[in-house]
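Working notes, structure below.
Numbers for residues simply follow the sequence, beginning at 1. Here the structure is a predicted model, which is why all the values come from computation and not from measurement. Read the numbers this way: they start at 1 and go in the same order the structure lists the ligands and their atoms.
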Amino acid sequence: MGVFDDLVGQERAVVTLRRAAAAGADMLAGGRGAGMTHAWLFTGPPGSGREEAARAFAAALFCPDQGCGHCDMCHQVAIGSHPDLEIVRPQGLSYGIKDTRQLILRAAGAPTLGRWRIVLFEDADRATEGASNALLKAIEEPPPKTVWLLCSPSPDDMMITIRSRCRLVTLVTPPTAAVAHVLATRENVPPAMAEFAARAAQGHIGRARRLALDEEVRKRRDSVLAIPKSLTGVGACVMAAERLVKTAEEEAAAVTAVLNESEITELRQIYGEGSSGKGLNKGLIRGGAGALKDLEDRQKSRATRTKRDVIDSALLDLVAFYRDVLAVQLGAHVELANEDRRADLDDLARSSTPEDTLRRIDAIMRCRRRLSANVNPQMAVESMTISLRQPWL
Ligand SMILES: [Zn+2]
């Protein structure tokens with residue numbers, strides 16, 4: 001099984017990447033390598049598998065058979081231990097110029113194993129303006145064997161000058177049937193559950209997998225989708241908002257706590273803090289305090305981002321719910337994400353107008369924009385739940 005087999009519903013992108021990998025091999029063999037280039041931009045909606053596609057491409061470039069899926073090179077890429085592949089995952093809200101400059105220096109080194117040196121930059125749209133400018137220079141004059149794989153939701157999220165120097169790989173939302181098939185065949189999920197999870201996640205494979213395999217995730221989805229019916233008065237709206245924000249906080253805390261602890265332990269080991277301190281160089285102790293402060297700042301920024309991401313994913317579930325209501329109201333024959341809540345959809349469809357539903361979808365989208373503009377989550381979500389309320393209740 002080759003590395004591209006895991007990319008669900010991305011046939012067009014796979015054709016491009018296979019050709020480029022072949023051209024890359026040709027280039028290494030001294031040929032012209034037409035079709036290979038040093039800067040790539042992978043774009044696509046959340047869950048379409050941007051990072052997976054970039055990773056598969058990296059494996060195909062390293063692999064002597066252009067992505068066989070079972071050699072040492074392919075394996076090292078899969079587990080993230082290939083010495084010539086650096087994966088950058090901005091953990092905070094932005095990725096700064098200092099980190100970018102260091103990254104560019106590392107990327108300029110010669111490959112250890114002789115083929116390529118590849119940087120896979122996830123969420124490259126989080127690079128600050130200064131960082132983007134530094135990145136642009138690196139992409140304009142790449143060392144002969146350095147390859148940049150940038151990932152962002154859409155080309156518009158990147159600076160136009162960077163965009164125009166990258167070859168674009170556009171991923172699409174995979175069809176429900178394809179996602180269900182992957183869950184059933186690769187994860188042994190029973191067909192009915194696979195079908196439900198694929199529909200509910202609307203083509204987002206990672207989310208579909210979590211929904212299918214983790215009961216807690218299904219419970220959280222249930223509590224989010226119970227919100228529309230619960231909004232019977234202002235008090236209920238405030239409470240629903242509080243619950244949503246609190247659940248997000250708890251989930252984010254659970255995700256980040258594990259990471260934080262291991263990072264701090266690692267740092268202490270490097271700087272010897274926790275030992276008696278005797279004989280430790282004073283400069284090193286000072287350096288340790290600075291590094292710990294840096295780490296704490298980064299962790300705080302990551303916690304904020306995780307909480308925001310969790311709320312956003314709940315809001316997307318709500319958007320899907322009201323979009324289903326609208327489809328029912330308009331009698332559109334489309335696949336409903338929330339077929340499992342047909343009774344609730346019908347209820348809301350009957351008791352409101354399509355205009356009401358559109359207004360509600362607007363309110364959710366406004367809340368998403370406000371959250372990404374740093375508005376206090378409780379305030380933003382509360383004003384949304386109040387807009388979602390049935391006016392006559
Ligand atoms: Zn291989």
Side-chain angles (χ1 to χ4, degrees), residues 1-44 47-89 103 106-124 139 142-151 166-172 174 178-179 181-188 205-206 208-209:
M1 206 180 86
V3 289
F4 292 115
D5 294 353
D6 277 337
L7 307 182
V8 183
Q10 312 296 346
E11 288 75 13
R12 270 188 59 189
V14 169
V15 169
T16 307
L17 296 175
R18 277 191 201 280
R19 271 193 203 136
D26 176 49
M27 204 184 242
L28 289 177
R32 277 181 55 242
M36 177 55 189
T37 178
H38 289 276
W40 295 78
L41 178 59
F42 290 77
T43 68
S48 54
R50 299 183 291 255
E51 284 84 20
E52 287 79 0
R55 199 188 269 259
F57 184 41
L61 287 174
F62 288 135
C63 170
D65 291 322
Q66 292 149 43
C68 67
H70 47 73
C71 72
D72 241 19
M73 297 292 113
C74 289
H75 182 63
Q76 285 184 20
V77 170
I79 62 171
S81 71
H82 195 291
D84 293 323
L85 173 64
E86 172 151 359
I87 299 180
V88 183
R89 276 188 201 101
L103 174 68
R106 288 196 300 277
T112 318
L113 300 177
R115 288 180 78 91
W116 305 98
R117 191 158 189 99
I118 303 180
V119 180
L120 196 176
F121 198 152
E122 297 184 358
D123 299 327
I139 288 174
K145 290 190 170 172
T146 299
V147 181
W148 290 87
L149 309 178
L150 311 178
C151 304
C166 291
R167 179 105 177 261
L168 195 63
V169 178
T170 310
L171 302 166
V172 295
V179 175
H181 179 73
V182 168
L183 292 180
T185 52
R186 307 256 171 90
E187 316 275 350
N188 280 323
I205 294 188
R209 190 176 285 128

So, taking the atom named [atom1] in [X] and the one named [atom2] in [Y], what distance separates them when rounded to the nearest 0.5 Å?
X     : Y      : atom1 : atom2 : answer
Trp40 : Leu149 : CH2   : CG    : 8.5 Å
Arg89 : Glu122 : CZ    : CD    : 4.5 Å
Asp65 : Cys71  : CG    : SG    : 7.0 Å
His75 : His70  : NE2   : NE2   : 13.0 Å

(request) Have a look at the Zn ion (ligand 1) and estimate, to 10 degrees, the angle subtended by SG (Cys68) and SG (Cys74). (result)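 About 120°, to the nearest ten degrees.
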(message) Strictly under 2.8 Å, is the Zn ion (ligand 1) approached by any N, O or S atom of His75?
(response)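 Of the N, O and S atoms in His75, none lies under 2.8 Å from the Zn ion (ligand 1), which means no.
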(request) Indicate if the distance from the Zn ion (ligand 1) to the nearest N, O or S atom of Cys63 falls below 2.8 Å. (result)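 Here the distance criterion (N, O or S atom, under 2.8 Å) is met by Cys63, so yes.
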